[in-house]
Student: 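Here it is, the structure, as C-alpha cells.
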Amino acid sequence: METKFINESGFQDFVGKLVESRNLVGPVAKRNKFVFGEINKYEDLRLDYDVTLLPPKKLFFPPKQDILKFYGQKGESCIDPDPQILLGVHFYDIKAIDMTDLLFRENNEDYNYLANRECTTIIGSNIQNVHDRAFFGSVGTEVEPKGHDGFLTKIEGGYVFEIITAKAKELLQFGDFQDANENQIKQAEKVNAEVLTKCSEKLNNTSAEINKKVRNSFDSKIWEKTAEDCFSCGSCNIVCPTCYCFDVQDDWYLDQETGVRARSWDGCLKEDFSEVSLGQGSIENFRETRGSRYRHRIMRKATYLNEKLGGPACVGCGRCSSVCTSDIADPVNVINQIMEE
Amino acid sequence: MKKDLNINVHHVTRVEGHGNIVVNSKDGKLEKIQWQVPEAPRFFEAMVRGRHYSEVARITSRICGICAVGHTLASIRATENALGIKITEQARKTRKILKHAENVDSHILHLYFLVAPDLFGAPSVFPLVPKAPEVVKRALRMKRFCHEWGSLIGGRTTHPTKAIPGGMSMYPTKDELKNLKKRLVEEFVPDALETIKTIESVADKIPNFKRETEYMAVYSEDEYGLYEGKVQTVMPDGTKEVYEVDNYRNITNEYVSPLSTAKYTKNKLDSYAAGAMARVNNNYDKLHPEAKKLAQKFGMDQLCFNPYFNNVAQLIEVVHSVHESLELIDELLADDNYDVYQPVVKPTTHGEGAAAVEVPRGILFHNYEYDKDGICIKGNCIIPTNQNHANIQKDFEKLVPELIEAGKAEDEIRLALEMLVRSYDPCISCSTHYLQVEFN
Amino acid sequence: MSCENCNCSSQANHENIFMPQEAKIIKTKMSTASEKRFWVKWADGSQAKFQPGQFLEVSLFGYGEIPIGYASSPTFKDNFEIVIRAVGRVSNALHKLQKGDSIFLRGPLGNGFPMKSLKNNDVLVVAGGIGYCPTRSLVNYILDKRDEFGEFTLFYGARSPKDRMFNNDFERFKKMDGVNVLETVDKGDESWKGNVGVITTLFHKTDKINKNTRVIICGPPIMYKFVIAETDKLGIPHSNVYVDLERRMKCGIGKCGHCQINDKYVCMDGPVFKYSELEDREEAF
Amino acid sequence: MEGKPKVKVAYFDFACCEGCQIEMTNFGGPAFLELLNHVEIVEFREAMTETTDETIDIAFIEGSFTREADRKRLESIRERANIVIAYGACACTGGINALKNHQNDYKEAVYGKDADMPHLDSQLALPVSAAIKVDYEVNGCPMNKDEFARIVSHLLHGKTPVIPKYPVCVECKLSENVCLYELGGHCLGMVAKAGCGAPCPAQGIPCEACRGFASNPNEKTLEKVLKDRAGFSEERAKTKSRMFTANCRYDAPLKDKE
Ligand SMILES: Cc1cc2nc3c(=O)[nH]c(=O)nc-3n(C[C@H](O)[C@H](O)[C@H](O)COP(=O)(O)OP(=O)(O)OC[C@H]3O[C@@H](n4cnc5c(N)ncnc54)[C@H](O)[C@@H]3O)c2cc1C
Ligand code: SF4
Ligand code: SF4
Ligand code: SF4
C-alpha cells in the first residue's frame, strides 16, 4: 500500500483531469443538502459535505432498476454497467457498501448489482463536517471499512491519498502526486481518529451488548409506543445505506407488446410489505401493526444480521433520524432507551 | 316562408363545460332563443374562506383546468396586492412567459381540437386521424410542446405548481431557458407557420356575421395587456376608456337574468365581449410587429365585429406570445443575478386586494381579503365566460332572425349557433357564479 | 458497454439471476373453480430435478412473477406439475394459459423437505386447503417409494366440500394400501358424508400417529398453532415437526427481503423449517 | 394484442374543472396515436360530437357527484359500461369540491341574497363511488397522465392495475428531493397517497394530498408534526388536510352518514 500527497491546487487539477477522462461522481450541493451526483467541474465537488440525502447504494442499485425487458414471449437481460469513479465517500458509507456487496453476493450472485459495483472505483474521503444526527463514532466500531480502492484525507495544504488497489493507483497519472511524508501520514491519521469523537449523538453500549438486549426485547412495549407516530412512509428504509429490499413490477410499453420488469426500493416499514393474498379477496399481513414493522427495522439493524456482517447493520450515518418527519426513526434514541429498560 | 324551428342542443359538444342551446319558433314567430348553462355550481368563494394565503391560488386554480395558469396568476396577484407583496423582476418576467405559454397552449387546443373539425366538416378530431394525419400529428406535437413549455416554467400546465404568492418556488435554469428558446425557434415556429396556412386555407368557411358591441380587456401602457394592467373597454365607435381594477364590480355589474342561469355582466351597453378578439380590438397597437402583420392580413387592424373572428384573433395572439416569450427569455438570460432558488417575498401587510389577468377566454378578476394571520376572509372571482354569456345571448338574438331570413335549414342554423358558441371558446366549467336550475 | 477502465469481468459473463427459463405447458386441468393444474416440461428438454417442498418462481411477462411449489413427485422426471390458485394479478393471468403455451420459470428454489430424516419413519402430513400443493410432491414421492417409509397418514382439510381439491388423488389413495387418508371440511353440506370440523379433530380419528412420527404441516397461517398443540399432546418433539411456510416473495433467492421471519429468509432457509428452529422466532406464526 | 378488437372507451364529466381531460391532450403525437391503436373513443363530449348507446368497455368518469339530478346519468353509464374508472380527484374523493362540505353557509357566501333560489342544490360534493360502483381510480388533481396510461395498459391486458397504497414521502425520497420540513416548510406527503412521483416537493412546494390519503394515514401525528415542525397554529394544523381530502378525513361528513 502506498500513500501519496497532493497539494490543494494540484488536487484541483487532478479533479479537472478526471472530469475530462472519466465518469466522475461525488458529493454535490442540492439546496441546503448534498447528493451524490455528476461532477462536471472542480467546483461541483463538495468534499465538505456532512452527509448525502441518499447513500451511494443508488449508484449500484438504482431506486428503480430494469432487470429485464420482454418482447412478447422473449426476455432480455438489462445488465449494462457503466464504469465510473465515485469520489468522496465517507467511511461509514464505505462500510455499508461492503455490507451490501456481501449481501448481493452471498448464495446467489446478483449481477444486476454487482456489475455496477465492479465497474466503480471507490475513493473515500474524510469527514470534514459532521452531520448533527450522525453517531458513527459509537456504532459498530469493531467493523473495519473495507472494499474501497483509495482514501483521501484533507490535511493542511492538501490531501493525503491512501492507495489500496490498482484501480486507485491507475488514477495517479492524472495528478501531480508525491510520496506522503511521515508527518503528513500522521496528520491524516489524527484527522480520521478525531472525527469519531465529534458526533453529538452516541450509543451508550457496545454492539454485542446491544445485540443481546435488543433481541430480547421483542415483546417490549417500546415498539408500539414509539411507532404510534410512524407514518409507515418507509423513508427510514429508503435512505439507509444498508437497506436493500425491493419490489418487482412488470409494465408494458405503449405498444402493449414489449415491456420491462423493474425492481424498485421497497421498505419493511411500508404497510403492505409483508401482505399476502389468501384468495377470495382476503389478505394476511404478517407485520400488521406499525410497531411490528418499526421493530423489524431496528432488529435488523441491531441484531439479525450481526453474525453475518460481523457487527450491526447500522453504520451510524444518521440519515434515518433526519429524514423521519415525526423524528422517531433515530436508532440511538430507541436503542439507548431499550438498554435502560 | 314561415316554418317551425325546434333546436335543442343538450350539452354543446367540443366546449369546455356544459351549455345548452334552445331555439323555438312557431309559424315564423320566435318564441325562445336561449343560451343556457346547466353546469353544477362549485362554490369556490366559499371554499377559500378560512384557508391560508399560500393555499388560495391552489384552490381557485381548480376553477378551470384549461385556464388554470391564468386563475393561478390572477389569484396570486390579487393576494400579493392584498398582502403588500412586491415581487422581483425575475419573477414577473418568468410569470409572463408562463402566461404566454398558457395562451398559446389553450389557443392551439381550441383551434385544432374544438374548432378545426367544424371547418373541416368532421364531427371531431378523431376522424381526421386517417384523413389528415399530418394536421393531427402537428396538432398533437404543438399541444405537447406547449405543455412542456408551460411545465418548465410553472411545474405543470394544469394547475401549475411553481407560481406562488411572493414569486416562484423555483425557476428554470439558464440552460433550460436556452433550450426552450432553441426549441421554440426550431420546432414550434415552423409548426405555427403551417397552422396559419391551414387556417388561411379554410378562412372562407368562417361565417360572415356582425354585431357591434363593447369589448373589454386588460390594458397596460408598456405592453399588450395579458399578465397585468388596468381595464379598458372600446366602444363600437372606437372610443376607449380605462378603469382601475379595484373598481371591477362597477365595470362588470353582475346581475341575475331571467333568461339564463349564469350571472350576466354588463358595462356601458347591454353586454360586452371578452377574449382574444376583445384584446386585439383594444390593444392592436401593442401587438408584436409579426402579429400585427398577420392581423393586417385578416383585416383585424380595424375594429372587428364578427364574433367568429375570435379564432383568427387567437392565431394572431399565438404569434404575439411566441415572439414576446423569446424576448423575455433573452432578458432573463442577460440577467447576471438570475437565481434558480430566488427566495419568495414575504407579506408586509394584510387587507384586501384585486387583480385582473387575461386568460385565453378573456378578462378574469380575482379579489380576496386576508386577516392578520394571512387567513382568507372572503373571495370573489369573475370569470370571462360568464362575462360573455350575455353577449352570446345577444348574438343569438341577432343571428337567428338573420339566418331564418336567409332561408337556412334547421340543421344549418344549429351548426351556426354551435360554431358561434365554440368561437367564444367558452370555458363553462369555470362554474363560479352559476345558479342551478332544471332545464326542460 | 465495454469496461476498459476497470477490472470487472465483461458483461457477457454475468448471469442475470432474474432471467426465467422457458417451459411448455403440456396439459392443464381445472381441479376446483379456482385451482388449475399445469403439467409442464422444460423447453430445452432437460429433466425435472428437484426435491419435494422446493418451489419455482413462475412468471408471465407483463404480469409478474410468483412463487409456486412443485406438486408432483420428483421420481417422475420427464415433466412436472404445478397447481395454481387464482388469487390475484399473476395467478389469474396464469389461469388463462393453455396446453401448448409457454411459461417462464426460475427454480428449483428453497430447501425442500428433509428426506433423510423422513425416511424409515412414520410420517403424518397435515395439509389445509391449498397447503396440500407443496406437500403433494412429498405425498406422491412417499407413495412412489412406499417401502422406504413407515406408517403414512395424510390429513386434508378444506373449507367446504366444494373447495376440496384433488378428489382424484384422495379417492386413489383411499384405495391404496399403506396410506391412511383422513379428510375433513370446516362446513359441510348435504352431499358431504365425511368428517366436519377443523383439521385438528382428525387427530382423534386415527391411532397411526405416535411420538416418533415425523409431522409435516402446511396450510393457512392460523392452522399451525392448533396442529402443534395436538402434536404436543402426543409428545412429538418439535425437532420432528416440519412446517412449510408461505410468505410474500419478490425474488425467491434471498434478496428482496419480503419473506423474512425475524432473521430467516423463507425462500432460502425454507420454505420448510423444523418447528424447533422457529420456536424462538416470534414472527413465524 | 394484434388483431384484437379495439377496446371501446368513453369519457363523461360531472362537477369539475375538466383539467384531467386536458391532460389527455398532452400525451404528444406518438404516445397518443399508440394508445389510439388499442382503444376506440366512442364518446367524449368535450372533444367530439359523436355519441353512442352501445356497451362501453371502459367508461372514464371525471368530476364529483354533487347533486341528486346526476344520479340517473351516472347509473346509466354504469349500466352501459363493463368497467367504470373514476379519474381525477373530483371523481375519486370529491377532491377540491368537498372543501365546502363542512360549511353550512356556502350558498350565502357566494350568492348573497340569491342564495335561497329553490334550484340551488345543497348536496354534499361526493365521489362518484357514492352513487355507483367504481372499479378503479386514477387519483390526482390533475390525474397523472402517465399513471393513467399505465392503468389503461394493465386493463387492456386484463390485469388489475397496480396502484400504490403507501405515502408520497416514499416517492419523494426515491427522487432524492430535499424534504420541505428541512427547508423550513410543511408538507402532507406523509399521509398522501403516492403514485404521482412527488412532483410538488421536487419543485419546492408542499404536497397537498391531492390524490387522497394513503392507507391508514396517521392523521393525528400529522397534526402534531405540522405544529411542532412547521409552527402551525392548532386550528391550521387541524384543518390543513381538508383541502383535497375533506371526504377522507376522520371528520368527513360522509363518515357520519355511513
Ligand atoms: C414457497 C411458496 C410456495 C407456494 N406454492 C403455491 C402453490 O403451489 N400454488 C399456489 O396456488 N400458490 C402457492 N403459493 C402462493 C402464491 O405464491 C400466491 O398465491 C401468489 O404469489 C399470489 O400472487 P398474485 O400476483 O396472483 O396475487 P396478488 O394479490 O396480485 O399479489 C401481488 C404480489 O404479492 C405477492 N404475494 C401475494 N400473496 C403471496 C403469497 N401468498 N405468497 C407469496 N407472495 C405473495 C407476490 O409477489 C405477488 O406478485 C406459494 C407461496 C410460497 C411462498
Ligand atoms: S419511522 Fe419515520 S421514516 Fe420510518 S416509516 Fe415511520 S415515519 Fe417514516
Ligand atoms: S439505520 Fe439509520 S443511521 Fe443506521 S445506517 Fe441506516 S440510515 Fe444510517
Ligand atoms: S417533502 Fe413531503 S413528501 Fe417529501 S419527504 Fe418531506 S414530507 Fe415527505
Side-chain angles (χ1 to χ4, degrees), chain A residues 22 67-68 70 72-83 103-104 106-112 114-115 117-121 166-167 170 218-219 243-252 259 261 263 266 268 273-280 284 286-287 292 296 299-300 303-305, chain C residues 1-9 11 13-20 22 34-35 59-65 85-91 101-102 104 109 129-130 159 220-222 246-265 268 280 282-284:
Chain A
R22 297 293 158 84
I67 52 182
L68 60 86
F70 52 85
Q73 296 275 48
K74 262 202 157 62
E76 191 179 276
S77 174
C78 292
I79 296 175
D80 186 14
D82 225 349
L103 296 163
F104 278 105
E106 67 165 359
N107 301 321
N108 298 290
E109 296 197 328
D110 183 344
Y111 273 97
N112 294 280
L114 291 170
R117 174 66 185 85
E118 287 175 359
C119 262
T120 306
T121 304
K167 273 174 161 182
E170 188 259 345
F218 192 88
D219 295 320
C243 271
Y244 64 103
C245 292
F246 56 86
D247 183 31
V248 180
Q249 295 291 344
D250 286 18
D251 274 306
W252 287 273
R261 175 167 293 168
R263 66 174 170 191
D266 210 341
C268 57
F273 186 79
S274 347
E275 256 176 27
V276 302
S277 320
L278 299 177
Q280 286 159 357
E284 166 94 21
F286 289 96
R287 276 191 283 278
S292 62
H296 183 68
M299 287 274 173
R300 234 174 109 69
T303 95
Y304 292 162
L305 294 168
Chain C
M1 184 75 236
S2 64
C3 305
E4 293 145 27
N5 302 322
C6 65
N7 12 352
C8 76
S9 25
Q11 175 203 343
N13 298 335
H14 296 332
E15 195 196 339
N16 187 342
I17 42 169
F18 295 105
M19 184 59 72
E22 188 175 0
S34 60
E35 280 110 16
S59 85
L60 199 57
F61 292 135
Y63 295 86
E65 208 176 27
R85 176 180 204 158
V87 301
R89 260 170 222 113
V90 185
S91 49
D101 286 342
S102 288
F104 293 82
L109 305 169
I130 183 95
R159 231 170 300 183
I222 43 158
E246 213 177 87
R247 284 295 187 276
R248 187 190 189 89
M249 280 180 195
K250 278 296 179 184
C251 72
I253 50 173
K255 308 287 180 205
C256 81
H258 284 273
C259 70
Q260 285 169 82
I261 294 175
N262 300 85
D263 56 339
K264 295 268 179 205
Y265 278 82
M268 297 296 300
D280 56 350
E282 301 86 339
E283 294 187 333

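In what follows, every heavy atom counts, from backbone to side chain, and hydrogens, waters and symmetry copies are set aside. A note on names: the letters A, B, ... follow the listed sequences, proteins ahead of strands, and every chain is numbered from 1.
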Student: Any idea which heavy atoms bring A:Phe246 and C:Cys251 closest together, and the distance?
Tutor: CZ-CB, 4.0 Å
Student: Could you measure the distance from the CZ atom of C:Arg89 to the CD atom of A:Gln249? Nearest 0.5 Å is fine.
Tutor: 6.5 Å
Student: I need the minimum non-hydrogen distance between A:Leu68 and C:Phe18, along with the two atoms involved.
Tutor: CD2-O, 3.5 Å
Student: Could you look at A:Glu275 and say if it's the side chain, the backbone, both or neither that has a heavy atom under 4.5 Å from chain C?
Tutor: both
Student: C:Glu283 versus A:Ser274: any side-chain heavy-atom pair under 4.5 Å?
Tutor: no
Student: Quick one: does A:Asn108's side chain have a donor or acceptor within less than 3.5 Å of a partner on C:Ile253's backbone?
Tutor: yes
Student: Roughly how far apart are C:Met19 CE and A:Ile67 CD1, rounded to 0.5 Å?
Tutor: 9.0 Å
Student: Once you round to the nearest 0.5 Å, how far does NE2 of A:His296 lie from CG of C:Asn262?
Tutor: 8.0 Å
Student: Hey, which of C:Met268, C:Glu22, C:Arg247 has the most heavy atom pairs under 4.5 Å with chain A?
Tutor: C:Arg247
Student: Does any backbone or side-chain atom of A:Gln73 lie under 4.5 Å from a heavy atom of chain C? Answer side chain, backbone, both or neither.
Tutor: both
Student: Go through A:Leu103, A:Val248, A:Asn107, A:Asp251 and name the one with the most non-hydrogen pairs under 4.5 angstrom from chain C.
Tutor: A:Val248
Student: Do you know which of A:Asp266, A:Leu305, A:Thr303 has the most heavy-atom pairs under 4.5 Å to chain C?
Tutor: A:Asp266
Student: Closest heavy-atom contact between C:Val87 and A:Ser277?
Tutor: CG2-CB, 3.7 Å
Student: Report the residue from C:Gln260, C:Lys250, C:His258 that forms a side chain to side chain contact (heavy atoms under 4.5 Å, CB included) with A:Cys245.
Tutor: C:Gln260
Student: Using heavy-atom distances under 4.5 Å, tell me whether A:Arg287 contacts chain C through its side chain, its backbone, both, or neither.
Tutor: side chain
Student: What part of A:Asn112 gets closer than 4.5 Å to chain C, counting heavy atoms only: side chain, backbone, both or neither?
Tutor: side chain
Student: Show the nearest heavy-atom pair for residues A:Tyr111 and C:Glu15, with the distance to one decimal.
Tutor: CB-O, 3.9 Å
Student: Please find the pair of heavy atoms, one from A:Asp250 and one from C:Tyr63, that lie closest to each other, and give the distance.
Tutor: OD2-N, 3.4 Å
Student: Go through the structure and list residues passing ring-ring contact (aromatic ring centres under 6.0 Å, His included) with A:Phe286, not counting sequence neighbours.
Tutor: none
Student: What's the shortest heavy-atom distance between A:Cys78 and C:Asn16, and which atoms?
Tutor: N-ND2, 4.1 Å
